Every structure is written in C-alpha cells, then in structure tokens.
Participant: 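Please see the structure below; I have some questions.
Counting convention: from 1, in listed order, for ligands and their atoms alike. Just the heavy atoms: all of them, side chains too, but no hydrogens, waters or symmetry mates, feed the values below. Since the structure is predicted, the reported quantities are computational estimates derived from the model, not experimental observations.
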Amino acid sequence: MSEEDRHRWERPALDEVAEGVWRIPLPLPGDALRAVNTYLVRGPEGYLLVDCGWNRQESWDRLEESLRHLGAELRQVRGVFATHIHDDHYGLAGRVRSGSGGWVALGSRERETLEAFRDHPREARQRSRRRLEELAAADVAARLERAAPPAERPPPATPDLYLAGGESVVLGHRTLEVLPTPGHTRGHLCLFEREQGILFAGDHVLPQITPSLGVELPLDGSPLADFLTSLEAVRDLPARLVLPAHGPVFTDLRHRVDELVEHHRVRLEECQRAVEDGSATAREVAERLPWTRHRRRLLDLDPFNQMLAVFEAEVHLQVLAERGRLRRDLADSAHRYALP
Ligand SMILES: [Zn+2]
C-alpha cells in the first residue's frame with residue numbers, strides 16, 4: 001500500500017459508512033496517530049456519538065462543522081459513548097455534554113484511572129516515570145521528561161454512566177450491544193450492532209497498527225493476556241463491517257484478529273529469545289527488538305515511543321512468566337526475568 005493510500009482515511013470527511021452511520025475523522029495535530037474517527041449514529045430522536053476527539057478547538061470546530069453539513073445540531077446529540085478513556089476518544093465528552101445536554105458513558109473499569117487524573121493529576125502524570133524506573137528504564141523516563149514535561153490538561157469529565165459490558169444502547173430500531181474488551185485499556189468497550197453486523201471497534205481491532213498495551217494506571221492485571229482474550233471474544237462475531245477509531249473501515253474482522261494474534265505470538269517468541277540471550281529487564285529486551293513496521297531500534301524512536309516500547313516489552317515478558325516460560329523476580333527494585 002502506498003503512503004498516500006495509507007493516510008487517505010485521515011482527511012476531513014463525512015462518510016456514510018452504513019445506513020445512518022457517519023465516520024468523521026478529527027485531527028490529532030502532532031500525534032503519530034494523526035487522526036481519530038468518531039462515528040455519528042442516527043436514531044429516531046437524535047444522534048449517538050461514538051468517541052469524540054481531543055479537547056481542543058480544532059477538533060471541536062471539525063465536529064461542529066460536520067454536524068452542520070449533515071443538517072444536525074449539537075443539541076440533537078443524545079449521548080457520547082467513549083470506547084475508552086484516552087484523550088483522543090474521551091477528551092471532548094464534557095464539552096459535547098455541555099452543548100447538547102446528552103449523557104456521557106464510559107467503561108466502569110476506567111473509573112480508577114479517571115479519578116486519578118481528575119483528583120491527583122500531578123501524581124497520575126508522574127506514575128509513568130515511576131513505572132519506567134521499575135522496568136529499569138530510568139534513562140527513557142529522563143529523556144521523556146526533557147522532551148515533553150508532563151502537560152497540564154483540563155481534568156477529564158465525570159461520565160453520567162459507567163458501563164461494565166453486557167448492557168445495550170437502544171436507538172429506536174437499533175440495538176447496540178456493549179462488549180467488554182479489556183486490553184488496550186482495562187475498561188475498553190466495543191459496540192456491536194448485531195442486526196447490521198457492525199462493530200464499533202474503538203482501539204481494540206485496528207486495521208493498520210496494533211494498539212499500545214500496558215500504558216495505564218493502575219498497573220495490576222495482565223494487559224496482553226486480557227487483550228488476547230478480548231480478541232478471541234470478538235473474532236467470530238457476525239460482523240460485516242468494522243469501524244475502527246484509527247484507520248479506514250474494513251470488512252474482514254476474523255482475518256485482522258488473526259493477524260494481531262500472530263503479531264503477538266511472534267513478539268512473545270522474540271522476547272523469550274532475548275531473555276535466553278541474556279536480557280533481564282523490559283528495558284534490555286526492548287533494546288533487542290525491532291520496533292514499528294520500519295523495524296527501528298529502540299533508541300531511534302522518539303522518547304514517547306521509547307516508553308511505549310518498554311511497556312510493550314514488559315507486558316509480553318509478563319505473559320511469558322504467566323505461562324511458566326520465564327521466571328519473574330519482583331524482589332529487586334526493577335522487574336527482572338530469567339529462565340525458569
Ligand atoms: Zn487508545
């Protein structure tokens with residue numbers, strides 16, 4: 001695929017991807033993801049917005065302009081369903097609510113993260129740094145801090161509804177099932193319209209990239225194990241159309257799930273081999289592995305992506321330990337791995 005084709009989905013658009021469902025890409029200037037798709041779903045009494053973009057003026061303007069092109073008004077937005085708490089999905093939720101009077105829904109397992117960022121923002125922002133130190137990557141933490149000191153951001157809006165999965169969002173004749181899909185974040189949710197076979201996939205199943213794993217507070221649980229289980233859970237859904245938050249809409253869900261599972265199987269083997277060759281920490285393993293589809297070295301990535309790489313290595317090492325293929329020693333100040 002040419003670079004131009006790869007980026008075509010990011011351009012301003014108002015695509016009716018299914019009857020009464022529009023894809024609206026909103027810009028993420030300066031971010032490697034480049035844009036986020038929000039989906040506007042028409043019901044008999046108004047609209048549902050699935051994900052909503054950064055809390056920045058340019059996202060807001062694009063969203064308003066798109067609604068205007070459709071002949072819709074903000075006050076007709078009945079609800080915002082955020083697939084997860086990340087800023088590109090949840091940032092504008094509070095502003096849309098203020099302008100529309102609608103509700104905001106978020107996964108219930110995002111609650112702890114949300115409250116940490118709302119009530120103790122400084123500590124929450126510093127937690128990634130402490131996490132990097134635990135993974136023997138204090139150098140990455142220092143580079144990250146120099147490159148981009150933790151930004152002050154407006155606190156996240158408190159949702160009206162926390163959803164655990166298993167609920168349904170009903171919009172007239174449409175029923176959207178809420179599917180719990182922990183992995184990318186612990187509270188990630190997808191929406192599935194069974195009758196039409198439409199999966200609103202958020203960041204769970206993306207067509208061109210693999211979602212980051214292990215980048216969140218709190219730090220318990222096993223993000224990769226959860227992610228693989230959640231992939232299994234959606235693989236055989238009768239979906240004819242997948243609506244991802246980043247990248248173009250696509251049709252073959254099972255094929256893409258299989259590719260993602262295969263990607264992580266290969267990564268697990270690479271991590272195992274790195275430890276067999278003497279690497280002991282996520283930081284050391286990350287240095288041995290190639291990163292991105294261009295197969296870059298860790299230290300050739302920008303500091304933010306170095307952090308993602310170290311976290312990603314850690315969640316793979318953790319799964320290898322859970323499977324008994326590695327031994328994990330947390331007694332030291334840094335997590336260390338060895339052969340059993
Ligand atoms: Zn995300």
Participant: Report yes or no: do Asp329 and His335 form a side-chain donor-acceptor pair below 3.5 Å?
Facilitator: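 No.
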Participant: Side chains of Thr158 and Arg118: any donor to acceptor distance under 3.5 Å?
Facilitator: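 Present: a donor and an acceptor within the cut-off.
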Participant: What's the atom name of the N, O or S in Asp203 nearest to the Zn ion (ligand 1)?
Facilitator: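 Of all N, O or S atoms belonging to Asp203, OD2 is the one nearest the Zn ion (ligand 1).
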Participant: Are Thr181 and His204 close enough, and set up right, to give a side-chain hydrogen bond (donor to acceptor under 3.5 Å, both in side chains), and what steps lead you there?
Facilitator: CA-CA 7 Å; Thr181 45; His204 182 45; 4.8 Å; no
Participant: Just say parallel, tilted or perpendicular for the rings of His89 and His246, cut-offs at 30° and 60°.
Facilitator: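 Aromatic pair His89/His246 classed perpendicular.
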Participant: Between the Zn ion (ligand 1) and His86, which N, O or S atom of the residue is the nearest one?
Facilitator: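 Result: ND1.
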Participant: So that I can check it, does any N, O or S atom in His84 come closer than 2.8 Å to the Zn ion (ligand 1)?
Facilitator: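 So His84 counts as coordinating the Zn ion (ligand 1), yes.
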Participant: For His184, what is the atom name of its N, O or S atom nearest to the Zn ion (ligand 1)?
Facilitator: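 Of the nitrogen, oxygen and sulfur atoms in His184, the Zn ion (ligand 1) lies nearest to NE2.
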